[in-house]
Amino acid sequence: MSICVFACLLRFECMKEEDTKGVPLPRVGQDTRLDYRVIDVRTPTGQAIFRIQHQVENKFREHLSSKDFIGIHTPKLISGSSEGGAAVFKLEYKNGKSACLAQSPQLHKQMAICGGFRRVFEVGPVFRAEDSNTHRHLCEFVGLDAEMEIMRHYFEVCDIVDGLFVEIFRHLNENCKRELEAINRQYPFEPLKYLESTLRLSYEEGIQMLKEAGTEIEPMGDLNTEAEKKLGQLVREKYDTEFFILYRYPLAARPFYTMPCYENPAYSNSFDVFLRGEEIISGAQRIHEPELLAKRAAEHGIGKSSIKSYVDSFRYGAPPHGGFGVGLERVVMLFCGLSNVRLASLFPRDPQRLSP
């Protein structure tokens with residue numbers, strides 16, 4: 001398809017509804033849109049999506065700043081995997097050293113807590129060497145991350161998530177009506193259902209709901225995509241909300257730095273947050289005891305040398321702390337009911353796409 005023909009097709013999408021009655025509307029495939037992204041985003045829908053994204057990022061910064069968080073910037077070139085597993089981009093560094101692109105700011109935002117900052121957040125790129133060609137996975141996305149000291153219980157982190165996202169949703173509904181209407185004309189969606197005080201269910205309660213509905217999952221395992229969607233459906237039917245927190249996951253399903261439950265170490269002080277039947281946030285209390293942290297890293301196959309400075313930072317004294325991370329593009333996709341996260345990424349990077 002030539003660029004001139006593509007531009008003409010997009011003109012139809014920019015026309016008012018009354019001007020297109022009786023005119024067969026053209027359809028432009030997603031790959032073609034992404035190939036000509038600078039033209040694609042000229043449409044009212046394209047403009048609206050990224051103005052919504054801007055508002056989400058701004059409210060993230062604004063809300064956390066009002067809660068005494070400070071913004072930090074952590075390195076994206078690191079010596080080893082920050083999350084464990086194989087989904088890491090490796091590259092040659094200087095002087096024969098090897099490096100990785102950070103899968104998250106996890107290790108360094110914890111080190112910032114050890115440095116006495118108490119509450120921190122970061123907005124920055126996250127890299128995942130994903131082989132997943134799905135509607136919700138990218139190899140590079142914008143991470144919204146936060147970390148904070150815990151005074152009594154890790155639910156203090158859930159409280160921050162609750163207040164933050166309820167404020168974001170309210171702000172978008174009240175102040176972005178024109179943008180939401182523009183998106184709705186091209187990609188029809190129902191307004192998000194959420195509660196002013198976010199619903200919290202334990203992992204065991206969620207599993208019981210799935211079992212009663214006839215959905216079987218792996219014992220003490222993470223939820224797969226089908227189980228997430230089914231649980232989202234069940235929660236909406238029972239509690240009339242599409243936004244909820246599922247807490248106390250099995251330890252085996254969480255990263256090495258997750259704090260085990262004190263009363264039952266088979267479980268962890270962790271949570272995930274779901275939006276329209278998909279997981280958007282992962283959070284937890286972190287291990288702040290260096291010996292336990294080193295032991296857990298070894299169990300996950302992470303070499304001591306690659307995270308030595310991280311583990312050593314806890315030897316000087318570290319407070320109990322926890323945090324969470326969320327992908328900006330996924331929040332926009334799900335709030336706006338979009339079918340693919342690439343629509344909410346200005347220049348998406350996935351296993352098949354490295355340009356424009």
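What you are looking at is a predicted structure, and each value in this text was computed from that prediction instead of being measured. Start at 1 with the first residue, then count along the sequence.
The CD1 atom of Ile287 sits 4.0 Å away from atom CG of Leu292, with the distance rounded to the nearest 0.5 Å. The distance from the NZ atom of Lys90 to the SG atom of Cys100 is 6.0 Å, given to the nearest 0.5 Å. Here Ile245 contributes atom CD1 and Asp159 contributes atom CG; the two are 8.0 Å apart, rounded to the nearest 0.5 Å. Between Gln186 atom CD and Thr45 atom OG1 the span is 3.5 Å, to the nearest 0.5 Å. Interatomic distance, CZ of Phe60 versus CG of Leu64, reported as 4.5 Å (0.5 Å rounding).
No side-chain donor-acceptor contact under 3.5 Å links Ser132 to the backbone of His137. Judged by distance alone, with hydrogens and angles left aside, the side-chain atoms of Lys109 form a donor-acceptor pair with the main-chain N or O of Ala146 at under 3.5 Å. For Asp40 (side chain) and Tyr36 (main-chain N/O), no donor-acceptor pair under 3.5 Å exists by modelled atom type. A donor-acceptor contact shorter than 3.5 Å links the side chain of His321 to the backbone of Pro319.
At a threshold of 4.0 Å, the pair Asp68-Arg119 does not count as salt-bridged, since none of the basic side-chain nitrogens sits closer than that to a carboxylate oxygen. At a threshold of 4.0 Å, the pair Arg236-Glu242 counts as salt-bridged, since one of the basic side-chain nitrogens sits closer than that to a carboxylate oxygen. The pair Arg286-Glu147 meets the salt-bridge criterion, since a charged nitrogen lies less than 4.0 angstrom from a carboxylate oxygen.
The two residues Pro320 and Gln285 make their nearest non-hydrogen contact at CB-NE2, 4.2 Å. Shown here for Gln47 and Val41, the closest heavy-atom pair between the two residues is NE2-O, 2.9 Å.
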Tabulate below the donor-acceptor pairs under 3.5 Å that side-chain atoms of residues 208-217 make, not counting sequence neighbours, or state none.
residue : atom : partner : partner atom : Å
Gln208  : NE2  : Glu212  : OE2          : 3.1

Using atom types as modelled, flag every donor-acceptor pair under 3.5 Å from a side chain in residues 324-350 to any protein atom, sequence neighbours excluded.
residue : atom : partner : partner atom : Å
Glu329  : OE1  : Val142  : N            : 3.1
Glu329  : OE2  : Val142  : N            : 3.2
Arg330  : NH1  : Glu279  : O            : 2.9
Arg330  : NH2  : Arg136  : O            : 2.9
Asn340  : OD1  : Arg342  : N            : 2.9
Asn340  : OD1  : Arg342  : NH1          : 2.9
Arg342  : NE   : Asp350  : OD2          : 2.7
Arg342  : NH1  : Thr134  : O            : 2.8
Arg342  : NH2  : Thr134  : O            : 3.3
Arg342  : NH2  : Asp350  : OD2          : 3.3
Arg349  : NH1  : Pro356  : O            : 3.0
Arg349  : NH2  : Leu354  : O            : 3.4
Arg349  : NH2  : Pro356  : O            : 2.9
Asp350  : OD1  : Gln352  : N            : 2.8
Asp350  : OD1  : Arg353  : N            : 2.7

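Judged by the 6.0 Å and 45° rule, Arg248 forms no cation-pi pair with Tyr203. Taking the centre and axis of the six-membered ring of Tyr249, the NZ or CZ atom of Arg254 falls inside the cone set by 45° and 6.0 Å.
Centroid-to-centroid, the aromatic rings of Phe121 and Phe69 stay 6.0 Å apart or farther.
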Original post:
Given the rule in the side-chain hydrogen bond (donor to acceptor under 3.5 Å, both in side chains) test, do Gln55 and His171 qualify, once you have shown the distances and angles that lead to the verdict?
Top reply: CA-CA 8 Å; Gln55 292 297 322; His171 174 78; 2.7 Å; yes
Original post:
Which is it for Tyr257 and Gln110 under the side-chain hydrogen bond (donor to acceptor under 3.5 Å, both in side chains) test, yes or no, and what are the steps along the way?
Top reply: CA-CA 10 Å; Tyr257 47 75; Gln110 285 186 256; over 6 Å; no
**OP:** Kindly determine whether Glu278 and His135 satisfy side-chain hydrogen bond (donor to acceptor under 3.5 Å, both in side chains), including the steps that lead there.
**Re:** CA-CA 11 Å; Glu278 296 193 31; His135 74 285; 2.9 Å; yes
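Classification of the Phe244-Phe274 ring pair by plane angle, with boundaries at 30° and 60°, yields parallel.
Every residue two or more places apart in sequence or in another chain was checked for a side-chain hydrogen bond (donor to acceptor under 3.5 Å, both in side chains) with Tyr247, and none qualifies.
Residues Gln103 and Phe127 fail the side-chain proximity criterion, which asks for heavy atoms closer than 4.5 Å.
In this structure, Asp131 places its CG atom where only 12 or fewer heavy-atom neighbours from other residues, nucleotides or ligands lie under 6.0 Å away.
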